[in-house]
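Here is the naming used below: chain letters follow the sequence lines, and residue numbers restart at 1 for every chain. Below, each value reflects all heavy atoms present in this structure, side chains not excepted, and no hydrogens, waters or symmetry copies.
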Protein chains: 2
Amino acid sequence: MRPVSIEDTPLIDALSRVISRHGFEAASLRLLSEATGLKRASLYHRFPGGKDEILEAALARAAERFSAMLAPAFAQGDPVERARQVADGIDEYYQGGQESCLIVALSLADEEHQKMAAPCLAAWADAFRTVLVDAGETPKVAAERAQDLVAQIEGALVIASASGDRGPFQRAVGRLPTELTQAA
Amino acid sequence: MRPVSIEDTPLIDALSRVISRHGFEAASLRLLSEATGLKRASLYHRFPGGKDEILEAALARAAERFSAMLAPAFAQGDPVERARQVADGIDEYYQGGQESCLIVALSLADEEHQKMAAPCLAAWADAFRTVLVDAGETPKVAAERAQDLVAQIEGALVIASASGDRGPFQRAVGRLPTELTQAA
DNA sequence: GGGTCTTTACCGAACGTTCTGTTTAGAGAA
DNA sequence: TTCTCTAAACAGAACGTTCGGTAAAGACCC
């Protein structure tokens with residue numbers, strides 16, 4: 001059997017990057033094709049469902065990467081160390097603020113595609129909340145602060161995209177270990 | 001002379017809302033037409049430069065509204081009161097988190113359109129920085145915290161769009177008066 | 001006041017391009 | 001060969017844009 005010219009994982013990562021950078025609707029098959037080296041027909045061969053199936057694959061991959069990135073939050077051990085590991089994972093995932101966020105991109109999509117980002121967002125907040133609770137925060141406050149910290153990072157990614165200034169992202173990630181482990 | 005069917009201000013506000021909600025590329029003339037009640041050809045009569053001129057008008061209007069929203073920050077008087085007025089202005093501008101942000105939308109556009117959002121972002125951070133300095137913060141820390149507070153709000157708006165949860169936005173705006181006036 | 005004229009606002013129809021999605025034929029490894 | 005994958009051409013719809021024409025108001029002269 002003839003081998004694929006690009007493996008599934010790098011293929012989906014490249015597709016996901018285009019969607020994150022341009023938004024789902026603006027991520028045309030031409031852009032997706034150029035980014036992957038596969039012609040449109042070949043993309044349809046790999047994803048018979050078209051753009052929708054590509055988005056599903058990108059989201060499944062994001063969920064997988066998120067799960068790995070957030071795993072230390074749900075582990076046992078010192079909350080400070082776990083928080084630092086999660087912060088490192090976030091920094092690597094978004095390449096210090098250079099990479100766009102799929103959640104931001106989907107927040108501009110139509111309602112049906114928009115709601116597909118909610119689970120990722122919820123998983124993220126839940127990870128932060130878990131560390132905060134383990135660090136002694138009350139459940140109610142922990143849930144809110146977790147959400148707020150996710151917002152801080154998402155907003156920093158928006159600013160990094162819009163102005164090219166990665167400072168807010170780097171500060172947000174740098175503060176994360178202490179923010180996640182000091183109870184109010 | 002025949003009267004316009006929709007005045008410039010509500011027209012541009014409606015166009016701006018479509019762009020903010022869907023992003024610049026996804027804001028098709030069909031959507032813009034439906035949102036304003038003007039047919040495509042009529043939009044070209046009002047904006048001969050097409051979508052680019054529509055975006056320029058939306059940005060000019062945003063700069064105008066931002067200027068009004070942030071004016072209390074540059075006024076004289078009690079920083080606490082000024083911060084509260086700015087927070088109220090932000091809450092009203094984004095309708096408690098229901099409205100999308102044009103800056104977020106432009107962060108997904110092509111590079112040439114993307115950079116058009118930078119002045120708005122800078123004006124916003126500068127307003128926060130001014131209040132922080134007046135409240136006794138050092139210039140360097142004030143500049144960074146100002147940016148971080150902008151990121152907090154932008155991120156909260158993304159979460160409000162993506163998940164429908166306006167809690168993060170309302171908390172961010174509610175915290176703003178104290179965040180802007182307590183030196184580290 | 002009645003009847004043109006001018007000016008502006010708006011719209012229907014069409015332009016060429018690009019989009020998503022399909023079909024068909026050929027290239028390439030087992 | 002046989003089977004998988006890819007390339008190229010295709011169709012139909014939507015895109016941004018342009019153009020000719022129509023509708024509506026004020027201006028102006030009679």
Original post:
When you check every protein heavy atom under 4.0 Å of nucleotides 18-25 of chain C, what one-letter string (B, S, -) results, 5' to 3'?
Top reply: -SBBBB--
Extract from the structure each pairing of a protein N or O with an N or O of nucleotides 25-28 of chain D at less than 3.5 Å, listing the distance.
unit_1	atom_1	unit_2	atom_2	d
dG26(D)	O4'	M1(B)	N	3.2

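More than 12 non-hydrogen atoms from other residues, nucleotides or ligands lie less than 6.0 angstrom from CD of E112(A).
Regarding L11(B), its CG atom lies at a distance of 12 Å from the C1' atom of dA9(C), rounded to whole Å. Rounded to whole angstrom, the span from the CD1 atom of I6(A) across to the P atom of dT4(D) amounts to 21 Å. L43(B) has its CG atom 16 Å from the C1' atom of dT8(C), to the nearest Å.
Between S42(B) and the phosphate of dC11(C), there is a side-chain N or O to OP1/OP2 separation shorter than 4.0 Å. Residue H45(B) places at least one side-chain N or O closer than 4.0 Å to OP1 or OP2 of dA9(C).
Between W124(A) and Y94(A), the ring planes lie parallel to each other; the angle is under 30°, not in the 30° to 60° tilted range.
Listed in residue order, the members of residues 103-113 of chain B having a heavy atom less than 4.0 Å from DNA chain C come to none.
With hydrogens and angles disregarded, a donor-acceptor distance shorter than 3.5 Å links the side chain of R21(A) to the backbone of A109(B).
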Original post:
Going through the distances and angles, do R145(B) and D148(B) end up as a salt bridge (Lys or Arg N to Asp or Glu O under 4.0 Å)?
Top reply: CA-CA 5 Å; R145(B) 280 192 63 195; D148(B) 295 345; over 6 Å; no
